[in-house]
**Student:** 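Please find one structure pasted underneath; my questions will follow.
Values in this document were obtained by computation on a predicted structure and should not be read as measured data. Every chain is numbered from 1 and lettered A, B, ... according to where its sequence line falls, protein lines coming before strand lines.
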There are 2 protein chains.
Amino acid sequence: MTDSSNDVTPDRLCKADALPPSDQHAQQYVAVRNAHETELLEDYVELIAHLLKHQGEARSTDIAARMGVSQATVSKTVTRLKALGLVSSKPYRSLFLTEKGEAMAAMSHQRHAIVLQFLRALGVSDRTARIDAEGMEHHVSQETLDIMQRYTREQERRSS
Amino acid sequence: MTDSSNDVTPDRLCKADALPPSDQHAQQYVAVRNAHETELLEDYVELIAHLLKHQGEARSTDIAARMGVSQATVSKTVTRLKALGLVSSKPYRSLFLTEKGEAMAAMSHQRHAIVLQFLRALGVSDRTARIDAEGMEHHVSQETLDIMQRYTREQERRSS
DNA sequence: CCTACAAGTTAACCTTGGCTAAAATATTAG
DNA sequence: CTAATATTTTAGCCAAGGTTAACTTGTAGG
């Protein structure tokens, strides 16, 4: 029995609780896995962009400190970012973003900002909002982002 | 210069945009990495609990289909779940949750439901809400969950 | 100028979470 | 009961993202 639709399921137990069909359900997990793949890259370029803008320079040391990892890890990840054409740098020198990297950083930063502002508008404390936004940002679709942005604006309008 | 607080930063460019201090910033990423570690485990136990409840049985085949991975992958992950004391099973037979596994499944399911309902209450379409909830659920703190739940109830009250 | 220290890189290792292919075990049909 | 089919497990592979330790390169001070 490969198909689970013709089963002797205790249907009395479920209701609105039912899962979507297998293939559709699988796509959800696939989407999450895909998000995971780019997550770290996005965090890096976002952070690099920020450092470039606010410190004038993006150094491995600072990235390591901010990401909470060792410099060796940064070095390895940067190698990957370079291979992907997101970052450029000369050996032992500080980092720069390619156009592609900048584009990704801008997108990522915008999404991050939308989620963060939304959480604050909802009433979440600053500390928590920051942590949650960091984790959530990569999993929020455009549709939801639009709705969040609308909500935030609505809240701001009211409190002014 | 290890400390980045005494820098010649172009401060005119920032504002509300400033990053938190390095150590605090690092904690955010650490939190996300920690969440990632348990994410998959939670998804598995949640799914197993669901299958047990709705199909009466949790089989590797179904899990593989629902998660969108190969059976070999399921087998390997289940080994890990068993080592962690979340799942029990005899070789070549279907799976069960330990008490610990059931507790985790219940928590995870509740969180999932809160996030999903919240997104729907916000006005996100069902399809998108499902996908986003799947990705977001592991990154939403208790504080935010409480606020989401309150919001959802508020919405439901209004539309009745 | 050269020496010490800071910063970046490399090497060797680990775990997780995927995969395919092949082997072992159940189940079902004839 | 046995043969075909379905399911589960195992083995061997890979990439990502961590680690520490050792090495290289850059930068300041004396």
**Student:** Rounded to whole Å, please give me the gap between NZ in A/Lys90 and P in D/dG26.
**Tutor:** 11 Å
**Student:** Do you see a donor-acceptor pair shorter than 3.5 Å between the side chains of B/Gln142 and B/Asp146?
**Tutor:** yes
**Student:** Out of C/dG18, D/dT19, C/dA24, which nucleotide sits closest to the side chain of B/Tyr92?
**Tutor:** C/dA24
**Student:** Within this structure, what is the CZ-to-P distance between A/Arg33 and D/dA15, rounded to whole angstrom?
**Tutor:** 18 Å
**Student:** What is the distance, rounded to the nearest whole Å, between atom CD1 of B/Ile63 and atom C1' of D/dT9?
**Tutor:** 14 Å
**Student:** Heavy atoms under 4.0 Å, any strand shown: does B/Ser60 hit a base, just sugar-phosphate, or nothing?
**Tutor:** sugar-phosphate
**Student:** Under a 3.5 Å threshold, yes or no: a donor from one side chain and an acceptor from the other, between A/Glu143 and B/Thr128?
**Tutor:** yes
**Student:** Hey, are the side chains of A/Met136 and A/Leu119 touching, using non-hydrogen atoms and a 4.5 Å cut-off?
**Tutor:** yes
**Student:** Rounded to the nearest angstrom, tell me the gap between atom OH in A/Tyr44 and atom P in D/dA16.
**Tutor:** 13 Å
**Student:** Would you please confirm or rule out a distance under 4.0 Å between OP1 or OP2 of C/dG8 and any side-chain N or O of A/Thr61?
**Tutor:** yes
**Student:** D/dT19 phosphate, OP1 or OP2: any side-chain N/O from A/Thr73 under 4.0 angstrom?
**Tutor:** yes
**Student:** What about the rings of A/His112 and A/His138, do their centers lie closer together than 6.0 Å?
**Tutor:** no
**Student:** Rounded to the nearest Å, what distance is computed from the CD atom of residue B/Glu57 to the C1' atom of nucleotide D/dA6?
**Tutor:** 13 Å
**Student:** Mind telling me whether B/His54 and B/His50 have parallel, tilted or perpendicular rings, with 30° and 60° as the class edges?
**Tutor:** parallel
**Student:** Nearest whole angstrom, please: distance from the P of C/dG8 to the CZ of A/Phe96.
**Tutor:** 12 Å
**Student:** Taking side chain to side chain contact (heavy atoms under 4.5 Å, CB included) as the test, write out the residues that go with A/Glu57, two or more places apart.
**Tutor:** A/Arg59, A/Ser94
**Student:** Are there any protein N/O atoms within less than 3.5 Å of an N/O atom in nucleotides 11-16 of chain C, and if so, which ones and at what distance?
**Tutor:**
{"from": "C/dT16", "atom 1": "OP1", "to": "B/Arg80", "atom 2": "NE", "distance (Å)": "3.4"}

**Student:** Judged by modelled atom types alone, do B/Glu137 and A/His139 share a side-chain donor-acceptor pair under 3.5 Å?
**Tutor:** no
**Student:** Whole angstroms only, please: what is the CG-C1' distance between A/Asn34 and C/dG18?
**Tutor:** 12 Å
**Student:** Supply the atom-to-atom distance B/Leu116 CG to B/Met148 CE, rounded to the nearest 0.5 angstrom.
**Tutor:** 11.0 Å
**Student:** Return the nearest nucleotide to the side chain of A/Ser70; candidates are D/dT25, D/dT20, D/dT7.
**Tutor:** D/dT20
**Student:** Between the protein and nucleotides 27-29 of chain D, which nitrogen or oxygen pairs come in under 3.5 angstrom?
**Tutor:**
{"from": "D/dT27", "atom 1": "OP1", "to": "A/Arg93", "atom 2": "NH2", "distance (Å)": "2.7"}

**Student:** Checking the side chain of B/Arg66 only, and the main-chain atoms of A/Leu19 only, is there a donor and an acceptor separated by less than 3.5 Å?
**Tutor:** no
**Student:** Please report, rounded to the nearest Å, how far the C1' atom of C/dT9 is from the CD atom of A/Gln71.
**Tutor:** 10 Å
